[in-house]
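What follows is a set of notes on a single structure, which appears directly below.
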Amino acid sequence: MHPRERIAQIKSQLAVPAVVAPMFLVSGPDMVIAAIKAGMIGAFPAPNARDITIFEDWLQRISNAANADDGRQFKGSWAVNLVVHSTYPRLDEEVALLEKYQPPLVITALGSPKAIIERVHGYGGMVIADVNSVEYARKAAAVGVDGLALVSAGAGGHTGHVTGFTFIPAVRSFFDGIVIAAGGICTGQGVRAAEILGADLAYMGTRFIATDESLAVQEYKQMVVDAGPNDLVLTDSFSGAPAYYLRDSITRAGLDPDNLRPGKGMNLGGSENKVKAWKDIWSAGPTAQVVHEIQSVGALASKIAAEYRAA
């Protein structure tokens with residue numbers, strides 16, 4: 001079956017065709033399970049589980065929740081976000097556990113997805129590659145991925161440079177697999193707009209930082225709620241790649257957000273200032289401006305689903 005036919009089957013059981021995006025140090029099993037129960041696709045980055053034993057525990061909990069037959073109106077799904085860079089030490093162990101617990105979707109980042117495609121396909125899963133340019137989209141498509149997550153301008157964390165209004169049709173001109181729109185989508189209307197542009201699903205990340213099930217600390221959640229148009233800083237200072245950060249978290253770390261040193265190439269371990277992106281400096285996308293309260297994933301998902309149906 002073609003990947004878009006397979007994703008259409010998953011979509012037919014969702015309340016809204018959106019993925020609660022995998023966010024470093026924010027997405028955990030409680031958030032994923034709540035998203036599944038709300039009829040969305042929940043996702044988490046594998047490195048959020050600090051050791052492989054915790055990773056397996058999370059997979060088991062999420063798999064049990066996803067496969068539960070409890071009469072829910074909607075049936076959500078789930079994904080695991082893998083770091084596939086050649087220097088990442090846990091990849092083989094993680095993929096072995098994916099083969100055991102079989103998440104329907106595996107999202108790759110920071111490297112070529114080629115090394116894991118055969119193994120994920122072997123258990124019936126689909127591979128989605130995160131890309132932030134048409135060039136990278138072409139490379140990922142060439143190695144046989146089932147889908148592409150198009151990280152566009154306005155994405156939280158490491159952001160893209162091209163608006164989704166350009167990125168999606170450009171990729172659709174050569175790729176007929178699954179497309180996930182990412183960047184600046186914060187309402188059900190935005191999810192529907194992404195579909196009209198040619199996407200199958202939409203990522204929603206920042207909107208879910210300020211939820212009860214988020215791993216973010218309370219101060220981080222409140223900072224997202226309080227963020228206005230002048231409270232975000234776009235910089236490559238902390239990881240070497242452009243990303244959005246909350247201004248107050250930079251100040252809180254003892255740095256001047258208006259006088260940051262430029263980055264010197266990709267460095268996921270932190271900056272020369274001995275502070276670490278996402279741990280000490282908190283990330284959020286421009287859609288933080290529409291977050292006005294801390295609430296449950298379920299309540300937020302219900303609101304987004306209502307907006308989507310109305311659109």
Hey, is the main chain of Phe208 close enough, under 3.5 Å, to the side chain of Thr211 for a donor-acceptor pair? yes
Salt bridge present between Asp51 and Arg90 (N-O < 4.0 angstrom): no
So Met223 and Ser249, do their side chains get closer than 4.5 Å, heavy atoms only? yes
Is there a donor-acceptor pair under 3.5 Å between the side chain of Asn48 and the backbone N or O of Phe24? no
Nearest atoms (heavy-atom pairs only) where Ile178 meets Asp200: CA-OD2, 3.3 Å
Can you confirm whether Tyr220 sits close enough to Val26 that some side-chain heavy atom of one is under 4.5 Å from a side-chain heavy atom of the other? yes
Between Glu195 and Lys11, does at least one N-O distance fall below 4.0 Å, as a salt bridge requires? yes
Glu99 side chain reached by Val120 side chain, heavy atoms, under 4.5 Å: no
Can you give me the closest heavy-atom contact between Gly285 and Leu232, atom names plus distance? O-CD1, 3.4 Å
Check whether any side-chain N or O of Ser237 sits under 3.5 Å from a backbone N or O of Arg261 as a donor-acceptor pair, and report yes or no. yes
Does a side-chain heavy-atom distance below 4.5 Å link Leu98 with Leu59? yes
Does the gap between the ring centers of Phe44 and Trp58 come in under 6.0 Å? yes
Taking Ala210's backbone N and O only, do any of them form a donor-acceptor pair with Ser214's side chain (distance below 3.5 Å, no angle check)? no
Within a strict 4.5 Å, meaning less than it, do heavy atoms of the Ile107 and Leu82 side chains meet? no
What are the two closest non-hydrogen atoms of Tyr244 and Ser283, and how far apart are they? O-OG, 2.8 Å
Heavy atoms, side chains only, cut-off 4.5 Å: are Val151 and Thr159 in contact? no
Using side-chain hydrogen bond (donor to acceptor under 3.5 Å, both in side chains) as the criterion, point out the one residue from His121, His2, Arg4 that pairs with Asp146. His121
In Å and rounded to the nearest 0.5 Å, what is the OH to CD1 distance from Tyr203 to Ile185? 11.0 Å
Single-linkage hydrophobic cluster, 4.5 Å side-chain cutoff, Leu105 and Ile116 together: no
Between Thr108 and Asp130, is a side-chain contact (heavy atoms from CB on, under 4.5 Å) present by the stated rule, with each step listed? CA-CA 6 Å; Thr108 66; Asp130 265 5; 5.9 Å; no
Heavy-atom pair with the smallest gap, counting every atom of Lys221 and Ala216: CE-O, 3.1 Å
For the CZ atom of Arg207 and the OG1 atom of Thr287, what is their distance to the nearest 0.5 Å? 8.0 Å
Determine whether Arg192 and Glu307 satisfy the following criterion, side-chain contact (heavy atoms from CB on, under 4.5 Å), listing intermediate values before the conclusion. CA-CA 9 Å; Arg192 181 63 188 133; Glu307 294 169 344; over 6 Å; no
Is Glu213 reaching over with its side chain to a backbone N or O of Val297, donor-acceptor style, under 3.5 angstrom? yes
Measure the shortest side-chain to side-chain distance between Trp282 and Asp248 over non-hydrogen atoms and say whether it is less than 4.5 angstrom. no
How long is the span from the CD1 atom in Ile7 to the CD1 atom in Ile41, to the nearest 0.5 Å? 5.0 Å
Between Ser27 (side chain only) and Pro22 (backbone N and O only), is there a donor and an acceptor less than 3.5 Å apart? no
What's the separation between atom OG in Ser302 and atom CE in Met40, rounded to the nearest 0.5 Å? 10.0 Å
Scan side-chain atoms only and decide if Asp57 and Thr53 contain a donor-acceptor pair under the 3.5 Å cut-off. no
Is it true that a side-chain atom of Ser133 and a backbone atom of Tyr136 form a donor plus acceptor pair closer than 3.5 Å? yes
Is there a donor in the side chain of Gln222 and an acceptor in the side chain of Asp226, or the other way round, less than 3.5 Å apart? yes
Is the backbone of Ala170 close enough, under 3.5 Å, to the side chain of Ser173 for a donor and an acceptor to pair up by distance? yes
Give a yes or no on this: more than 12 heavy atoms of other residues, nucleotides or ligands lie within 6.0 Å of atom CZ of Phe174. yes
Does Val145 form a side-chain contact (heavy atoms from CB on, under 4.5 Å) with Ile117? I'd like the steps, not just the answer. CA-CA 7 Å; Val145 295; Ile117 290 175; 4.0 Å; yes
Take Phe175 and Leu148, measure what side-chain contact (heavy atoms from CB on, under 4.5 Å) needs, and give me the verdict at the end. CA-CA 9 Å; Phe175 183 69; Leu148 300 168; 3.7 Å; yes
Any idea which heavy atoms bring Arg172 and Gly198 closest together, and the distance? NE-O, 2.8 Å
For the salt bridge (Lys or Arg N to Asp or Glu O under 4.0 Å) test, which of Asp231, Asp256, Asp258 pairs with Arg247? Asp258
CD1 of Ile281 to CZ of Phe238, rounded to nearest 0.5 Å, is 4.5 Å
To the nearest 0.5 angstrom, please state how far the CZ atom of Phe165 sits from the OG atom of Ser152. 10.0 Å
Minimum heavy-atom separation for Ala305 to Ala15, with atom names? CB-O, 3.9 Å
Could you check if a side-chain atom of Leu91 sits within less than 4.5 angstrom of a side-chain atom of Val83, using non-hydrogen atoms only? no
